[in-house]
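Worth saying up front: this structure is predicted, and the values here are computed from it rather than measured.
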Amino acid sequence: MQQLAKRRLIVVTGKGGVGKSTITAVLGSALSRRGKRVLLLEIDPRESLYQLLGISPSSGEIVQAAPRLFVQNLRPRAVLDHMVREHLRIDMLTDRLLASPVYRHFVEGAPGLKEMAIIEHARRLARKEYEAVILDAPATGHGLALLTAPSVVAEVIHDGPVGHLGRKLAKVVADPDMCGIVLVTAAEEMPAQEAIEFMEALDQRLSRAVELMVVNSLYPDEPGLFKDRKKISEKELRQLYARFQGARVELPLLPLDRGPALVTALTKFMRSER
Amino acid sequence: VIRGIERHPLVVVVGSGGVGKTTLAAALGLNRARAGESTLVMTFDPSLRLKDTLGVGEEAKEREVEVEVESEGRFFASLLDARTTFDRLVVRYAPDDRARRRILENRYYRHLSGRLAGVLEYMAVERLYEVASEGRYDRIVLDTPPTRQALDFLEAPERIVSFLDSGAIKIALKPWFDRKGRLRAASRLGILGRGLESFLDRMVGLALLRDMAEFFQAFEPLYAGFRERALAVQELLRSEKTCFMLVAGPGSEKIADTMFFARRLREAGYHLGPIVVNRLHPSAEAGELARWLGERDRIGLEQLRMLLPGSELVSIPLQPRAPNDLSSLESLGRLLPD
């Protein structure tokens, strides 16, 4: 947390179902309680951050969840259209372009453009209005696609504003001082395996590591049902930690429904970082 | 009401990420093979353990690999990989060697074909067409890609057709560049044209546009086939031959996800088969957390029963450990409906 608190841009990744959004809310609430002005960005047509924070849905707008804590659900296409508009600067032409089916298909199919627009949006807000912007990335495979999008675009487009933006953002994402990456996982086989694959791919493609690993939903040390599960999770933890020696937090499975009470309870555990 | 998996040669397993779709798809496949059928399970992203359990490796990306089981039926597994399938498509359907090389050596194709948005889903459609039309299996169990919106796969055929029918392809197919690699329109339009050319060059670079135009042109002989196969798969997915097994996580907070899938499938006219609520915590007497989890999952199941009347609801209790050999996979499969 100490290290992470210095980053203005933080990307939270992990396999679907491990509690990425919950951890995004927990990190946001921890940082805002330390006095930072924080924005949480979600990219999912089915919003979930608002439930965790007990507010009404964002529907694309920036909404306040707590003192110094804000939430926005991003519509990738709207962010991209905004970026195109800015670069073209000719309204009539832009309107026609944005409305044309050819542009729509190009944008749907062209790899990396939407992802790049999202990172640029986050980077800008992190530079001015907010001291920390936390991006709840899509599930691992797609999270990697998000993080590598700028370098993919820069690889193919060498010149011009798009290529230039690609190179600039590729540098931001590859620089641990500018962009912190949090990997959320569970001590179960599939999530742990995917976490290891994610770290390897990150090292290979961006030559960098994650800043913090959060192992979520650990079963307690209790007899009965949890005994076998606990054995499995200990084995998976050993494998994870054999490959990652950086900062990590272990969070317990708590008898609480997804919501503000769960976020508050987990925020307290964030101090137990090793 | 459509009941019973055994009536449907194709079973599509859907559900949100992390609910155990892939393992259940494999267990169901093994189950059917034990029942004497020649079964293929197609999966996207199996765990190392599942690959070990089935005894398949990278070679399953290229072809269907037979898993040795003691039964009258036979059991095959295949792994879906976007790039391998794409390359194979090109090799199979390009009209001649020259067209084939033109695509495979195109810079745009080499860099981006594996990374294009939705390629995995398109390739799943193509692969499904391939195995379904060969007719070598009594039953195919298809695991769907690990996206949160796992229904992307179902929309892929429609998207392929809509893309091919839109103006985008026609425009891409125009001879944009002359022999010198200059924009044709630019030379016709005089000063304005040169302005346009330099604008495009500035934005994305003419080299990229040339590669893209070349890519779309090289693909021209293949479009009709893409369209035809996409339509065939769309029809197959909606037909009586296909049923969807929806896998859901336990607990009341997962109900919204499950209802979303069930509603979308029914609205779109697919046959919703059994709904499998996976990893249900048993009721417990001791321990605060164990009691809470048991109660949470019991209430969740009750609510689903009320919200989905007429659906076959199957619950699978949380297993002490994930299956790590064929016999434990088979025990899991026995908990699934026939």
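Taking the salt bridge (Lys or Arg N to Asp or Glu O under 4.0 Å) definition, one finds that A:Asp228 meets it with B:Arg321, sequence neighbours left out. Residues satisfying the salt bridge (Lys or Arg N to Asp or Glu O under 4.0 Å) test with A:Glu200, not counting sequence neighbours, are A:Arg243.
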field: A:Lys15 and A:Glu197: CA distance, side-chain angles, deciding distance, salt bridge (charged side-chain N to carboxylate O under 4.0 Å, His left out) verdict
entry: CA-CA 11 Å; A:Lys15 184 178 161 62; A:Glu197 281 167 12; over 6 Å; no
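The candidate from A:Arg229, A:Lys231, A:Met190 with the greatest count of non-hydrogen atom pairs under 4.5 Å with chain B is A:Arg229. For chain B, the option among A:Thr148, A:Ile232, A:Leu256, A:Val18 with the highest count of heavy-atom pairs below 4.5 Å is A:Leu256.
Of the residues B:Val13, B:Val56, B:Leu79, B:Thr144, the one that meets the side chain to side chain contact (heavy atoms under 4.5 Å, CB included) test with B:Thr43 is B:Leu79.
Heavy atoms of A:Leu254 lying under 4.5 Å from chain B belong exclusively to its backbone.
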